[in-house]
Amino acid sequence: MKLKLFYSLKRKVLAVCLAGMILMALCVGGISLWTISHLTYDYEIQNMNHIVDTKATIINDELLRSENVVDYAANSVSREIKDPAKLRDPEFQHRMAEFVDNDFQNAKTDLNIICSYYLYYPSANVSALWKASDDRDEHFYDVLERQRTENSRVIPRHVLSFAYLMDEGQASWTQPYYSTYLKRYIISYLSPVYKDGVMVAIIGVDLDFQAFIDRLYANPPEGEHGMIILSDATGTVEYSPEKPLVDKDIHLKDTPSKVTEAGQTDRTMLTYTWAGEPSIAGIKTLRNGMNFIDLRQIPQIYDRTRKAFIQMGFGLIAVCILASLLPLYIISRLSERLQLVIEAAKEVGEGNYDVKLHDTQPDDIGELSRNFQAMAEKVAAAQGNLTYMSQHDVLTGILNRMGLDKEVADWLKAHPASHGALVSLDLDGFKFINDLHGHMAGDEALRTLAKDLIESFGHDQIIGRNGGDEFVVFMKDTEPEQAEKVIKAFSSKVKTFTYDGETHAFSVSIGYTLYKGDGTSLSRLFHQSDTALYAVKLRGRNHYRAYEPTMENLNRTSLGFNLETITKNLPIALLVSEAKPDGKILFVNKTMVEMLECRNIREFMEFTQEYAPNVVCTCDRERMTKMVWEQSAREPDRPHCMSYSIHTAKGLDKRVFAIWRMADNPNYGEVFYATLMEASFLRELTSDDGECKA
C-alpha cells in the first residue's frame with residue numbers, strides 16, 4: 001500500500017528537496033572535515049608565513065626610510081668635502097652640520113620613532129651635530145648647545161656604536177642597546193663618509209626601540225593563535241614590549257645557520273620548545289639583522305582542528321535545519337499559488353468565469369496564473385458573446401425569439417401583477433421587396449423597421465425579431481389606452497427604407513394582445529397577438545387590431561399567396577400591378593422580363609420605373625389606359641382582352657395580345673392580373689380560319 005505522505009505534490013517536492021539537501025550537506029561536510037584534517041597543518045604554516053611577511057614588510061619599510069635619510073645626508077656631506085683639510089675649519093664644519101640638520105628635519109615627520117641624529121668627525125673626535133628629542137612628539141633640541149650652556153665637557157657621541165662602525169667599515173645597523181644619555185633602548189643606523197680611503201665623517205640616526213617594539217606588538221595574535229616575538233640574529237634572544245631584552249621560556253632547537261636560512265625563505269620552519277611544548281615558528285629576517293617570528297605550539301594547532309570538527313558538525317546540523325525550513329517555506333508558497341489556480345479552474349469548470357488571479361511573480365506558476373487568467377477572460381468574453389448571439393438577431397441587433405422568450409418570461413415572473421401588451425408585427429409585401437429589389441434591400445428594410453420600433457416604442461421596452469419579417473414588442477407597465485395610442489401612432493407613421501441611393505416606402509400589419517396581470521402564459525400571449533395579426537392580414541395590409549376571442553374561428557389557409565409557385569413553368573408573360581392609373585408593378589415573371597428584353601428583374605424595374613403603364617409603348621399608352629378603365633367600369637368581375645404595342649429595352653416595338661382582370665387581394669387591395677403574348681407567336685398558333693395549328 002502506498003504511503004499517503006507522497007499523495008500531495010507539496011510533500012513530494014519537499015521530500016525530494018530535503019533528501020537532496022541532507023545528502024549534499026553530508027557529502028560537503030564529510031569532504032570538508034576530511035580536507036580540514038589534512039590541510040590544517042599546511043594552512044597554519046601558510047598563515048604564519050603570511051603574518052611574518054606582512055609585519056616584516058611594514059617594519060622593513062620604516063627601517064628602509066631611516067636608511068634612506070641617513071644615506072642621503074651622507075652623500076650630501078661627501079659631495080661637499082672636496083678637501084679633507086677643510087674639516088678642521090669650524091665654519092666649514094658648521095655649514096656641514098646645517099646640511100645634515102636640514103636633511104633630517106625634512107624627513108623626521110615620516111619617521112616619528114627617530115629620537116636622535118648626529119654628525120661625527122672621527123679624526124677630530126668631535127660631534128659637529130647632535131640633536132635629540134626627549135619624546136617622539138617634541139621638538140629636537142641641540143644636545144651640544146645644551147652641554148655648552150650647562151658648562152659640561154663635550155664628549156664623543158656613542159663611542160660604542162662608533163667603534164662598531166669602525167670595525168664594520170660600512171653602513172650598518174646596531175643591535176639594541178641602552179643609551180644613558182637618551183635614557184631608553186635604541187637601535188642605531190650609521191653611515192660612514194670616506195675621502196681618499198679615509199673615514200672623515202659618520203652620520204647616524206637613533207630609533208626609539210621601545211616605540212619600535214610597541215608598534216610591532218600592537219594587537220598581537222596571542223593565545224590559541226600563538227605568539228609574535230622579535231629576536232636577535234641568532235633567534236635565541238627575544239625582545240618584549242615590557243622589557244625590551246628578556247629571556248622567555250622559549251628555546252631554539254635548530255642551529256643558527258638554519259635560523260639564517262629560514263629568515264630568507266618561506267619554505268623553512270624553525271622548531272622550538274615553548275613552555276615545554278613542541279612548537280614551530282615562521283621567521284623573517286629584517287633589514288637590521290633581527291628576526292620577526294610567529295611561534296605556535298603544535299598541540300594548539302590540533303586543538304583548533306578538533307574545534308573546527310565540532311564547529312563543522314554544528315554547522316552541518318544547522319544546514320540540515322535550514323535545508324528543511326527553506327524548502328518547506330518555498331514549497332508552501334508555491335503550493336498556495338498553485339492552489340489559487342486550482343480553485344480558479346474549479347470555478348471555471350462550474351461556469352463561473354469571473355476569477356481573479358493576480359500572481360505577478362516572473363516564474364512558471366506566475367506565467368501559468370496569468371495565462372489561465374487570460375484564458376478565463378477570453379472564455380468569459382466568448383461565453384458572453386455566445387450568450388448575446390444566442391439571444392440577439394444578427395441582422396438587426398435586437399432580440400431574437402430565444403431572447404424574446406427569456407426577457408418577457410423574466411419580466412412576467414418578476415411583475416406578475418403588472419399590466420402590459422404583446423405586439424406582433426409583419427412587414428407587408430416583404431417577399432415582393434426581396435423579389436423586386438433583391439435580398440440586400442430586404443435586409444435593409446428589416447433593419448430600418450427594427451430602428452423604427454426602438455424609436456417609437458422606446459429603448460426600455462422588449463423588442464425582438466420573431467423570424468423572417470415578423471417582429472414582436474412587449475410593452476412593459478402599459479395600460480390598454482396607452483398601448484393603443486402608441487400602436488396607432490406607429491401604424492400611421494410613414495415608413496421608408498433607403499437602399500442603393502433610392503428610398504422605398506413600406507408598411508406593416510400589427511396585431512396585439514393585452515396582459516392584465518392575470519397570469520396568462522407567454523405562449524398564450526404569443527398565440528393571441530399572432531391571431532390578431534392574422535385578422536389584420538385578412539382585412540388588408542397596413543393596419544392594426546387588438547385580439548378578440550372571435551378571431552379564433554378565422555380560416556388561416558386563405559392567407560396563402562405564392563406567386564413563385566403559380567408562375568412556375570408558365571409559358572406566357574405575367575404582370576401584376578396596383579389597380580390604379582399609375583399603378584406600381586407588384587410582380588412579373590421571367591417570361592415578362594424576357595419579353596421586354598431585360599436581363600433581370602432589376603433591369604426591368606429600372607426600365608419601367610416600377611410603373612405598369614410604362615410597359616406600353618407611348619403610341620398606345622393613352623388608348624390602352626382608357627380602354628382598361630372603361631372595361632373595368634362596365635364589367636369589373638370578368639376578364640378582358642386587348643392588343644397594344646410595347647417598347648423593349650433594346651429599342652424594339654412588339655405587338656402583344658393581353659388578357660387581364662381586376663381582383664381584390666387581402667394584402668395589396670385591388671390589383672390587375674395580366675397575361676401577355678406576342679401577336680406574332682399567336683398567329684403561328686392559329687390557322688387562317690382561327691383554329692389552332694397544333
Side-chain angles (χ1 to χ4, degrees), residues 63 65-166 168-174 177 179-184 186-195 198-209 211:
L63 296 176
R65 284 187 286 144
S66 301
E67 293 176 11
N68 288 338
V69 67
V70 172
D71 292 341
Y72 180 80
N75 290 333
S76 299
V77 171
S78 177
R79 288 193 301 270
E80 292 295 325
I81 300 176
K82 308 295 184 182
D83 183 5
K86 288 185 177 183
L87 293 174
R88 298 184 181 88
D89 182 2
E91 184 178 349
F92 184 79
Q93 292 179 356
H94 181 69
R95 190 167 75 250
M96 292 298 99
E98 287 181 347
F99 281 141
V100 174
D101 185 33
N102 184 62
D103 290 340
F104 276 101
Q105 286 296 323
N106 291 334
K108 67 183 180 62
T109 55
D110 294 331
L111 297 167
N112 53 15
I113 61 173
I114 293 178
C115 59
S116 173
Y117 58 88
Y118 40 83
L119 171 63
Y120 178 70
Y121 297 119
S123 59
N125 195 23
V126 61
S127 292
L129 171 69
W130 185 9
K131 287 193 174 182
S133 173
D134 292 334
D135 190 275
R136 72 186 68 172
D137 296 329
E138 293 183 358
H139 295 291
F140 284 75
Y141 63 87
D142 192 329
V143 178
L144 301 179
E145 183 65 29
R146 179 180 290 185
Q147 288 179 343
R148 293 190 190 97
T149 303
E150 295 174 354
N151 296 320
S152 61
R153 185 174 61 86
V154 178
I155 59 174
R157 174 74 182 99
H158 298 329
V159 176
L160 179 63
S161 60
F162 294 155
Y164 175 78
L165 181 61
M166 297 293 288
E168 292 292 326
Q170 59 184 3
S172 60
W173 287 90
T174 65
Y177 64 96
S179 171
T180 56
Y181 182 83
L182 297 176
K183 298 178 183 179
R184 70 186 75 179
I186 61 174
I187 55 175
S188 302
Y189 178 73
L190 301 95
S191 178
V193 178
Y194 287 92
K195 202 65 179 180
V198 178
M199 185 185 298
V200 296
I202 297 174
I203 299 175
V205 64
D206 298 331
L207 302 184
D208 188 337
F209 189 57

Quiz item: In Å, rounded to the nearest 0.5 Å, how long is the span from NE2 of H94 to CG of D101?
Solution: 9.5 Å
Quiz item: Where does the angle between the aromatic ring planes of Y117 and F104 fall among parallel (under 30°), tilted (30 to 60°) and perpendicular (over 60°)?
Solution: parallel
Taking only distance into account, with no hydrogens and no angle test, what donor-acceptor pairs under 3.5 Å do side-chain atoms of residues 68-77 form with protein atoms, sequence neighbours excluded?
| residue | atom | partner | partner atom | Å |
| --- | --- | --- | --- | --- |
| N68 | ND2 | L64 | O | 3.3 |
| D71 | OD1 | Y189 | OH | 3.2 |
| N75 | ND2 | D71 | O | 3.2 |
| S76 | OG | Y72 | O | 3.0 |
| S76 | OG | R79 | NH2 | 3.4 |

Quiz prompt | From CD (E98) to CG (L129), nearest 0.5 Å | solution = 10.0 Å
Self-check item: Shortest non-hydrogen contact from Y177 toward S188
Solution: OH-OG, 2.9 Å
Quiz item: How would you list, by chain and number, every residue that makes a salt bridge (charged side-chain N to carboxylate O under 4.0 Å, His left out) with E80, sequence neighbours excluded?
Solution: none
Quiz prompt | Shortest non-hydrogen contact between A97 and A128, atoms and distance | solution = CB-O, 3.7 Å
Quiz prompt | Side-chain touch I186/C115, heavy atoms, less than 4.5 angstrom | solution = yes
Quiz prompt | Side-chain touch I114/F140, heavy atoms, less than 4.5 angstrom | solution = yes
Quiz item: Could you give the distance from CE (M199) to CD (Q170), rounded to the nearest 0.5 Å?
Solution: 10.0 Å
Quiz item: Quick one: does K195's side chain have a donor or acceptor within less than 3.5 Å of a partner on I81's backbone?
Solution: yes
Quiz item: Which distance, rounded to the nearest 0.5 Å, do you find between the OG1 of T174 and the CZ of F209?
Solution: 10.0 Å
Practice problem: Identify the residue among I203, V205, L190 that makes a side-chain contact (heavy atoms from CB on, under 4.5 Å) with Y118. | Solution: L190
Quiz item: Looking only at heavy atoms, what is the nearest atom pair of S116 and W130, with distance?
Solution: OG-NE1, 3.1 Å
Quiz item: How long is the span from the OG atom in S179 to the CG atom in D206, to the nearest 0.5 Å?
Solution: 6.5 Å
Quiz item: Where do D208 and R184 come nearest, in terms of heavy atoms and distance?
Solution: OD2-NH1, 3.2 Å
